[in-house]
Amino acid sequence: MGRIAPRMWWSLTSVMLVAVAGCGEHRAGARSEPTGGTITAGLVADLRKDGFEVSPGYPKLYTEQDCEDYTYPKLRNCYANNPAAPYVVPVVKSWPDEYVDPALTNAFGRTKPGYTSTYRLDPRDALVIYGKMPPPGRYMGLQTWEFSQHGRWRTSDYLKWERELDVPMHFLFDTVPPGDKRSERTQSVSALGDIVNNVVMERQSGYSFEKSRYFIVTPSATTDRAVRRALQAQGVPGRDIFTEQIPDRDSSGQIGPLGMGRNTPDFLTAFRYALPDAGQEEAAAEWRRDPPLTVMRVRAPASAGPVQRYGPLTFAERTADSETHLAGDLGNLVSAVCDRIRTTTHLKAKDCTRPLPDSTRLVDPVEEYGWTGPYCREVNMDCLGDQQDAAYYLSQRPLPLDSGEVYAVVNTLATETGNATYSALSVNDASMLAGVANVLDTTLKGSADGYAKTVRNTGKFFVHYFTRDCGVLRGMPGWPRNCTDITTEMLPSSSDPSAVGDPALRGTLVAGPRNYIKPGTERGPDSSKLLTPRVLTFTQPGK
């Protein structure tokens, strides 16, 4: 990957996979499928015959470079996107009566004139996306967020988080355009429901990688029914159609009002495909280069019937297998890491005290802070693309790198405790909220085994280091596999005047473990039942 990912500081927007028993049957199935090229003309003709307005669109790969070249310069934020994979963003042609905010033009990469990545919704509108899904992998999923809304935050809410967190507040409270004191529009990037991921698809439609699937994003059950009828008239089985419902309200009140006007909310939709299976990398790269997806937006006529809005937002319940019985082992592992650092290297063990400093604790912003879509919309805060498919954590403060610091992240490996289908440990450039590195569970597995003589259950834990030069850890268990060099090409130094990002945070990182989808469920694990990750700081003598 290149220098910047739509990355993540507290990584909300991430997502996941599950390999469900019996998928071999689905793969081998011989059911004939309609494809985008064979149904689009007939679908558009039928919709227009029924009085629908139809506006074309196209899929666009949103890359790390787009974040650096467009998103951060325009919006001062990369929204903590997951570094494991880029996103496919549906780009749509604006309706003639739609207000298009000039501050958001090309905000997610250059688009064709008259087209936009963020869009408004009339109560009768729908976004329709369909085509061949990517090659087999660890995850795919579609999600829509409210991107921005009319309003301003209260000073008390701003000050609450300014006191609580050691980060620039413009990442959490900012306007469109950013820093505009006269603007009455705030960045939101807040979830509107659960993700339609590959587990959801599998349960309804069977194994879905490399199959044709159909998605409708709409606030109206009336519009949804009409679009479904049109798709089924083209031979699409109903089980292959998935609707992402834009709810009428949540605990913060009404979501909206909807419409094309300047003060209505706008929305952003993204499809994420992550971690192709072994042997699928070339096919995955080709799928991303030219996603075989059709995108259109439609508007139902009044003759389709009165608008029937969906009910209030609810998130699916999350569960987990309790890890509390491993708490003692985690404490012993932390002590063993500290002891080995002292005896093997010249590093100073700043955090190796009993009890451990609270600052070593990584936090889950959903569990600890309540950062979900409804809360963020209520206080006009940027939710950074929250989602329910993962338990994710973040270090409590930006961690500097340029004085030889070494960071050890230690915790349970949720894939080994039965709480994740896959896990990842990301490094994020704190100056942009952008991911620069991602360490998967396949690398983390076994990384604590070098401490098995003094620690029990080491197979259920991981230890991984981040620093500028992993050579300082020579002789440590698992070296060099258990360490990631954070080069200045990945994360520029604090003294680099040409670097994009907040100057006060250049040369600093935020570590973010993520645990995706509890096996047997459609959502991430309940983090209240997981052990809390720790990040230990080690420093060079004399620095």
Side-chain angles (χ1 to χ4, degrees), residues 7-13 71-81 101 103-104 107 118 145-192 249-256 262-268 313 358-359 361-387 392-399 428-434 501-506 508 510 512:
R7 332 172 194 175
M8 171 143 211
W9 164 25
W10 24 77
S11 150
L12 287 106
T13 177
T71 309
Y72 189 84
K74 279 184 165 288
L75 296 167
R76 298 198 303 183
N77 209 325
C78 280
Y79 305 107
N81 293 20
D101 195 325
L104 296 180
T118 59
W145 297 269
E146 181 184 273
F147 183 76
S148 67
Q149 64 182 22
H150 183 70
R152 290 288 293 205
W153 54 83
R154 296 186 297 267
T155 301
S156 58
D157 293 316
Y158 184 99
L159 293 177
K160 167 184 168 65
W161 295 113
E162 186 177 49
R163 290 190 295 266
E164 182 90 10
L165 304 172
D166 185 19
V167 298
M169 282 296 102
H170 72 75
F171 286 134
L172 300 177
F173 294 93
D174 210 350
T175 56
V176 179
D180 187 344
K181 294 182 179 180
R182 297 173 298 176
S183 174
E184 291 297 325
R185 193 164 195 86
T186 56
Q187 298 183 37
S188 181
V189 202
S190 54
L192 295 158
R249 59 185 59 250
D250 58 26
S251 58
S252 69
Q254 183 184 18
I255 296 173
R262 182 188 188 109
N263 294 332
T264 59
D266 61 353
F267 301 89
L268 173 70
L313 168 63
D358 184 73
S359 60
R361 190 171 56 86
L362 281 75
V363 299
D364 176 347
V366 171
E367 174 69 22
E368 186 146 341
Y369 301 150
W371 289 358
T372 62
Y375 173 80
C376 295
R377 284 187 287 275
E378 181 178 5
V379 301
N380 281 283
M381 175 178 145
D382 190 337
C383 234
L384 302 173
D386 63 306
Q387 47 84 16
Y392 55 86
Y393 299 85
L394 56 104
S395 44
Q396 297 183 56
R397 59 186 175 84
L399 305 173
N428 308 277
D429 181 344
S431 73
M432 298 174 62
L433 291 192
D502 189 313
L505 291 177
R506 286 178 188 157
T508 67
V510 172

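Counted by atom type alone, Thr372 and Asp386 present zero donor-acceptor pairs between their side chains at under 3.5 Å. For the residue pair Gln149/Asn380, the side-chain donor-acceptor check at 3.5 Å is satisfied. In summary, the side chains of Tyr79 and Gln187 do present a donor paired with an acceptor at a separation below 3.5 Å, with no hydrogens or angles considered. Between the side chains of Ser190 and Arg377, at least one donor N or O lies within less than 3.5 Å of an accepting N or O.
The shortest distance between side-chain heavy atoms of Asn77 and Thr71 does not fall below 4.5 Å. The shortest distance between side-chain heavy atoms of Val510 and Val167 does not fall below 4.5 Å. You'll find the side chain of Leu313 stays beyond 4.5 Å of the side chain of Leu192, heavy atoms only. Within the 4.5 Å cutoff, the side chain of Gln396 has heavy atoms near those of the Val363 side chain. Put simply, the side chain of Thr118 does not reach to within 4.5 Å of the side chain of Trp145, judged on heavy atoms. Looking at Tyr375 and Tyr369, their side chains never come closer than 4.5 Å, going by heavy atoms from C-beta outward. Val379 places none of its side-chain heavy atoms less than 4.5 Å from the side chain of Trp161.
Formation of a donor-acceptor pair under 3.5 Å by the Arg185 side chain with backbone atoms of Arg262 is found in this model. The main-chain N or O of Asp180 is found under 3.5 Å from a side-chain atom of Thr175 such that the two form a donor-acceptor pair. A donor-acceptor pair under 3.5 Å links the side-chain atoms of Ser183 to the main chain of Val176, judged by distance alone.
In terms of heavy-atom proximity, Ala103 sits nearest to Pro177 at CB-CB, 3.9 Å. Nearest approach of Ser148 to Asp266, heavy atoms of both residues: OG-OD1, 2.5 Å. Between Leu505 and Ala430, the closest heavy-atom pair is CD1-O, 3.4 Å. When all heavy atoms are compared, the tightest approach of Pro374 to Ser251 is CB-OG, 3.3 Å. Taking each heavy atom of Ser188 and Glu146 in turn, the nearest pair found is OG-OE2, 3.4 Å. Here the closest non-hydrogen pair linking Met169 and Leu165 is CE-CB, 4.5 Å.
Scanning for salt bridge (Lys or Arg N to Asp or Glu O under 4.0 Å) contacts around Asp101 gives an empty result, with sequence neighbours left out. Residues satisfying the ring-ring contact (aromatic ring centres under 6.0 Å, His included) criterion with Phe173, sequence neighbours excluded, are Trp153, Tyr158. The side chain to side chain donor-acceptor pair (under 3.5 Å) check on Arg249 picks up nothing, with sequence neighbours excluded. Taking the side chain to side chain donor-acceptor pair (under 3.5 Å) definition, one finds that Asp364 meets it with Ser527, sequence neighbours left out. Evaluation of the side chain to side chain contact (heavy atoms under 4.5 Å, CB included) rule for Pro503 yields Arg506 as partners, not counting sequence neighbours. Evaluation of the salt bridge (Lys or Arg N to Asp or Glu O under 4.0 Å) rule for Arg154 yields Asp157 as partners, not counting sequence neighbours.
One finds the CG atom of Leu394 at 7.0 Å from the CG atom of Leu362 (value rounded to the nearest 0.5 Å). Within the model, atoms CD of Glu368 and CD of Glu164 stand 7.5 Å from one another, a figure rounded to the nearest 0.5 Å.
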> Please walk me through it: do Leu172 and Trp371 pass side-chain contact (heavy atoms from CB on, under 4.5 Å)?
Replying inline: CA-CA 11 Å; Leu172 300 177; Trp371 289 358; 3.8 Å; yes

